[in-house]
Amino acid sequence: MTAGLHSERTRLAWVRTATVLAVAGLVAAGAGLRGGEGPGMIAPFAVAALCGAILLLRTGARYRRVERALREAGPLDDTTDARLAWVGVLCVVAGSLALVLSR
């Protein structure tokens, strides 16, 4: 195996996660707007889309930090990205649950 491919695959996984989170949030928020839902129902999806967009913007910097940590055998602090992903996923779940229970 070639050194460095692990971090490249990890970066691609973060890109996929961020893209799906951003698109799912936008699609759900758009559907809520078309369905006449109030801002309280749409806000969680907007926050999820924002979290996905921020994660997508951070993937390049995160990849460089991972590469540096691997070269220097140093620790990698990735809690910010993981927390953003969790907040986004929890917002999608909360918004979906709120929509289902309001019907």
Side-chain angles (χ1 to χ4, degrees):
M1 297 187 88
T2 305
L5 287 180
H6 301 302
S7 58
E8 183 66 27
R9 285 194 306 256
T10 301
R11 179 183 184 191
L12 293 173
W14 277 103
V15 168
R16 282 191 307 268
T17 301
T19 303
V20 167
L21 194 56
V23 170
L26 288 176
V27 168
L33 285 173
R34 285 188 303 279
E37 298 295 335
M41 292 290 190
I42 296 170
F45 298 119
V47 171
L50 181 64
C51 287
I54 291 170
L55 280 174
L56 198 55
L57 290 173
R58 289 177 50 91
T59 56
R62 184 179 194 289
Y63 176 71
R64 287 188 294 277
R65 285 193 318 267
V66 167
E67 286 293 314
R68 189 176 330 114
L70 287 173
R71 275 194 311 274
E72 299 170 359
L76 176 65
D77 180 26
D78 59 351
T79 57
T80 302
D81 294 330
R83 287 180 181 162
L84 273 172
W86 270 108
V87 166
V89 169
L90 290 176
C91 283
V92 169
V93 170
S96 300
L97 186 61
L99 281 175
V100 167
L101 292 178
S102 71
R103 301 280 167 178

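All residue numbers refer to positions in the sequence shown, counting from 1.
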Next on the checklist: Return the SG to CG distance between Cys51 and Asp81, rounded to the nearest 0.5 Å.
Outcome noted: 11.0 Å

Next on the checklist: Using every non-hydrogen atom in the two residues, find where Gly88 and Ala48 come nearest and quote the distance to one decimal.
Outcome noted: O-CB, 3.5 Å

Checklist entry - Quick one: do Val87 and Leu84 end up in the same hydrophobic cluster if we chain Ile, Leu, Val, Met, Phe, Trp and Tyr together by side-chain heavy atoms under 4.5 Å apart? => result no

Next on the checklist: Quick one, Arg62 with Thr10, criterion side chain to side chain contact (heavy atoms under 4.5 Å, CB included). Give me CA distance, side-chain angles, the key distance, then yes/no.
Outcome noted: CA-CA 10 Å; Arg62 184 179 194 289; Thr10 301; 4.0 Å; yes

Next on the checklist: If you compare all heavy atoms of Gly60 against all heavy atoms of Arg11, which two are closest, and at what distance to 0.1 Å?
Outcome noted: CA-NH2, 3.8 Å

Item to check | Of Leu99, Leu50, Leu33, the residue whose pairing with Phe45 passes side-chain contact (heavy atoms from CB on, under 4.5 Å) | outcome: Leu99

Checklist outcome for this item: Nearest heavy-atom contact between Ala85 and Leu21 is O-CD2, 4.2 Å

Item to check | Residue pair Ile42 / Gly32: nearest heavy atoms and the distance that separates them | outcome: CD1-C, 3.9 Å

Checklist entry - Taking all non-hydrogen atoms of both residues, which atom of Ala53 and which atom of Ala22 are closest, and how far apart? => result N-CB, 4.0 Å

Checklist outcome for this item: Given the options Leu56, Leu55, Val66, Trp14 meets side-chain contact (heavy atoms from CB on, under 4.5 Å) only with Leu55

Item to check | Criterion side chain to side chain contact (heavy atoms under 4.5 Å, CB included) on Arg65 and Arg58, from CA distance to verdict | outcome: CA-CA 11 Å; Arg65 285 193 318 267; Arg58 289 177 50 91; 3.6 Å; yes

Checklist entry - Shared ILVMFWY cluster between Val92 and Ile54, side chains joined below 4.5 angstrom? => result yes

Next on the checklist: Using 0.5 Å steps for rounding, measure from the OH atom of Tyr63 to the CG atom of Leu12.
Outcome noted: 9.0 Å

